[in-house]
Each structure stands twice: as C-alpha cells, then as structure tokens.
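All remarks here apply to the structure that follows.
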2 protein chains.
Amino acid sequence: MQNSEAMALSAALLAAAGELTQRIHEGVVARGFEGVRPAHGFAFARLAPGGATVTELAAHLGVTKQAASQLVDDIVRRGYAERRAHPGDARARLVVLTERGWACTRAAEEAAAEVVREWSDLLGEGEVRALRDRLGRIAPYGPLRPAW
Amino acid sequence: MQNSEAMALSAALLAAAGELTQRIHEGVVARGFEGVRPAHGFAFARLAPGGATVTELAAHLGVTKQAASQLVDDIVRRGYAERRAHPGDARARLVVLTERGWACTRAAEEAAAEVVREWSDLLGEGEVRALRDRLGRIAPYGPLRPAW
DNA sequence: CCAGATGGTCAAGCAGCTTGACTATGTTCC
DNA sequence: GGAACATAGTCAAGCTGCTTGACCATCTGG
C-alpha cells in the first residue's frame, strides 16, 4: 500500500467519523436536547450502567479530573445528571443520569441508528456489520478523544 | 440493526479515527517536526498542490478565515509555509508550503502508511482496501472537523 | 467611476482544557 | 491507635484555539 493510499484511507475514516458525530449531534438537538456537546455523549455512555465517579469519568474521557468535574457541573446544571453520595467512600460522589439524561441517551442512540440505517441502504446490512467488526479489530482500545 | 449495534459501530469508528490521528501525530513528532497539531495536516493537504489563499483554507477546514489566518501565522512562524503575493489579486496572498512543509507532509504520509500497514497485517490488504472504499462511499464529503 | 462584494487582518471575548494548590477521607504499616 | 502517604474532589488561574465584530484595501459590475 502506497503512502497516498494510506492518506486516502485516513481521510475517509476521519470524514466518516466527523459526519457521524455531526449527525448524531444534530439528531439529538432535533429531539429537543439543547446545550449538549458531542463530548457529553461519551460521558453519558460511561455514566449509564450504574453511575461513575468524577475520576472514573476523567479516565474514560482521557482528560483531567478537573475537566471532568466541570463537565459534570455542566450536565448537572442542565438536568441530565445528579451527584449522589458514594455508598462506600465518603470522599467520592457518584454521578448518575437523571430520567432526562436517559432520554437524551436514547435520543442519541436513535440518531445514530438513523445514520447507520442510511449506510445500510447504501452498502447493505452485512457490509455495515463487516465494517463494524473490522473497525473493532483495528482499534479495540482507541481513544475517546477528538479526532484532532 | 438495533440501536445498540449503531452505537457499537459509532464507538468503533470514533476509536479508529482517534487512534489513527494520534498515531500519525506521534509519527510526525518522532520524525522531528515539533509544534505541529493534527489540524495542520489538513491545512498542508490543501496547500500542497499549488498553494491556497487564507479564505480557501478556511472553507476547506470549516473554520472562520480569522482562525485560518491564525493557523497560517503559526505554520509560517514555524517555517512550514510562506505567504507570497497572489498573481492575479492584489488583495489576496498565496500561502505555499516551504521545503520543510513538504518534508513534514511526507513524514505524515509515512506515519499514516505505517499504521495502515499494521492494519493490513491484521486484516489483509484487500480488506483494508475494501474498508477504504466503503468509508469513501459512506461519507464522500464528510467534514474535516474534530470528531467532537 | 462609484456602490457593493470580497480578501485579509486587528482586537476582544469565550469555551474547554490545563497545571497547581488545597481540603477531606481512605489506606498501609508500625 | 496513630503517623505517613495515597486518593477523590474542588477552587483558582492561565493558555489555546476558536468565535464575532470592525475595519481597510482591492476587485467587480452597473
């Protein structure tokens, strides 16, 4: 594979990732959830199972815990999450999604599914599944960070 | 395709894009080009053929022309590009890569090829080519913006 | 040749992140 | 039990990359 081939793949990958992110964001806004940024989605994903501490969230997002704390301030202020006492550690606080936070998460899933459905129409469902499997093998532990 | 499947694909896509970007950046730094950010790479790609104006660059990157102008200030200060008089428009300035800018571009291509070679080892060259084609069909005009 | 469009820059402000310092609570080891 | 250190979280200050707004120089169309 020549260098220019590699750049073509890189461009295609970045373009697809950028478009997906943008369209999920638009879909979430269209469903009435304003003031959320794409980064919030990754926080929600980490909080969803059973909540998380600020430090866990920071590690998940790859930012400092101060940045994660600010992000939590933000989503708490907007009503998507709340801070509770941590059951086993009086220093920590457990951040959990509110019902509105869950609704927003579902909206993001719907928006993502909508985009992926378009891709399935273009490529066929099997191809899209193959795409997911290959991407998963390529970067099983890729960073949850901005693409640049 | 269920919503959770769509999220799995999204996560895989973002992870792959993030990892690729990060590793190209690391490769460029390892080749001795410091102070460059991933965003610079997309500027270089637009400047490479025969230069571009600040306004063209801004459109390419999807930012304001002020932001593009600052980015040009930056790469000029670091010796990667220079501003020349525009041949047919005295208002405009043509931004062109210097030899150092070309060297940095080649370094990025090498770094990208290195990563893609790893992927070829994992999936096979044909699979990687198929990946590129499918991504290209999915988002032929995707934004050159941060993934979030 | 003049009115408006366009290329570029200067200036100010903002959002999201960083580093550094600090308090409160947990943990380890004697 | 207690001293020493580690960890969770926050406050504060600062930086960077972007934005909006204003402006001048130059091009373009009637």
Side-chain angles (χ1 to χ4, degrees), chain A residues 18 21-22 25 29 34-44 46-47 50-78 80-96 143-148, chain B residues 18 21-22 25 29 34-44 46-47 50-78 80-96 143-148:
Chain A
T21 305
Q22 188 175 296
H25 182 248
V29 170
E34 300 198 9
V36 282
R37 290 177 301 115
H40 292 156
F42 292 90
F44 285 19
R46 181 65 183 81
L47 297 179
T53 66
V54 164
T55 298
E56 287 165 349
L57 199 54
H60 179 71
L61 296 175
V63 299
T64 60
K65 55 185 183 174
Q66 291 91 325
S69 186
Q70 286 175 10
L71 190 148
V72 169
D73 286 347
D74 204 34
I75 61 179
V76 166
R77 191 176 340 109
R78 297 179 194 278
Y80 294 110
E82 55 187 21
R83 294 182 215 250
R84 293 188 182 160
H86 193 286
D89 189 337
R91 297 169 302 174
R93 332 248 332 233
L94 196 60
V95 182
V96 297
L144 267 60
R145 308 231 44 180
W148 82 84
Chain B
T21 305
Q22 187 175 298
H25 183 247
V29 171
E34 301 198 10
V36 281
R37 291 176 301 118
H40 292 154
F42 293 89
F44 285 19
R46 182 64 184 81
L47 297 178
T53 66
V54 164
T55 298
E56 288 166 348
L57 199 54
H60 179 70
L61 297 175
V63 299
T64 61
K65 54 186 183 175
Q66 291 91 324
S69 187
Q70 287 176 7
L71 189 149
V72 170
D73 285 348
D74 204 35
I75 62 179
V76 165
R77 192 177 339 109
R78 297 179 193 278
Y80 293 110
E82 56 188 19
R83 293 183 216 249
R84 294 187 182 162
H86 194 286
D89 190 336
R91 295 170 303 176
R93 330 236 349 220
L94 196 61
V95 182
V96 297
L144 268 62
R145 308 231 48 181
W148 85 84

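Order of the sequence lines fixes the chain letters, A, B, ..., with proteins taken first and strands second; residue numbering starts at 1 for each chain. Atom set for the values below is all heavy atoms of this structure, side chains included, hydrogens, waters and symmetry mates excluded.
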Polar pairs (N or O, both sides) under 3.5 Å between protein and nucleotides 11-16 of chain C?
| from | atom 1 | to | atom 2 | distance (Å) |
| --- | --- | --- | --- | --- |
| C:dG16 | OP1 | A:Arg37 | NE | 2.6 |

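- Whole-Å rounding puts the A:His86 NE2 to D:dA8 P distance at 10 Å.
- Whole-Å rounding puts the B:Phe42 CZ to D:dG17 C1' distance at 16 Å.
- Ion pairing between a basic and an acidic side chain is recognised when a charged N comes within 4.0 Å of a carboxylate O; B:Arg78 and B:Asp74 show such pairing.
- Formation of a donor-acceptor pair under 3.5 Å by the B:Arg46 side chain with backbone atoms of B:Ala52 is not found in this model.
- In this structure, the NZ atom of A:Lys65 is 12 Å from the C1' atom of C:dG20, given to the nearest Å.
- When all heavy atoms are compared, the tightest approach of A:Val95 to A:Ala81 is CG1-CB, 4.1 Å.
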All N/O pairs under 3.5 Å across the protein-nucleotides 27-30 of chain D interface:
| from | atom 1 | to | atom 2 | distance (Å) |
| --- | --- | --- | --- | --- |
| D:dC27 | OP1 | B:Ala90 | N | 2.8 |

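- Comparing A:Ala68 and B:Leu94, the nucleotide of DNA chain C nearest to each residue sits closer to the 5' end for B:Leu94.
- We find that CG of B:Asp73 is positioned 11 Å from C1' of C:dG8, with the value rounded to whole Å.
- Of the side-chain N and O atoms in A:Thr55, none sit less than 4.0 angstrom from OP1 or OP2 of D:dT7.
- For B:Arg83 and C:dG7, the CZ to C1' distance is 12 Å, given to the nearest whole Å.
- B:Thr64 comes within contact range of at least one nucleobase, with a heavy-atom separation under 4.0 Å.
- Proximity of B:Leu71 to B:Leu61: side-chain heavy atoms (C-beta onward) are separated by under 4.5 Å at one or more points.
- Using a 4.0 Å heavy-atom distance criterion, B:Ala92 is classed as a sugar-phosphate-only contact.
- Side-chain contact check for B:Val54 versus B:Arg93: every heavy-atom pair is 4.5 Å or farther apart.
- A:Val72 is listed as a side-chain neighbour of A:Leu57, based on a closest heavy-atom distance under 4.5 Å.
- Not a single donor-acceptor pair under 3.5 Å links the side chain of A:Arg84 to the backbone N or O of A:Val96.
- Considering only the side chain of B:Arg93, C:dG8 comes nearest among D:dT10, C:dC17, C:dG8.
- One distance of note links CD1 of A:Ile75 with CD of A:Glu82; it measures 11.0 Å at 0.5 Å rounding.
- Whole-Å rounding puts the A:Leu71 CG to D:dG9 P distance at 14 Å.
- In this structure B:Arg91 satisfies the side-chain contact (heavy atoms from CB on, under 4.5 Å) test together with B:Asp89, sequence neighbours excluded.
- Atom CG in A:Leu57 sits roughly 17 Å away from atom C1' in D:dT7 (whole-Å rounding).
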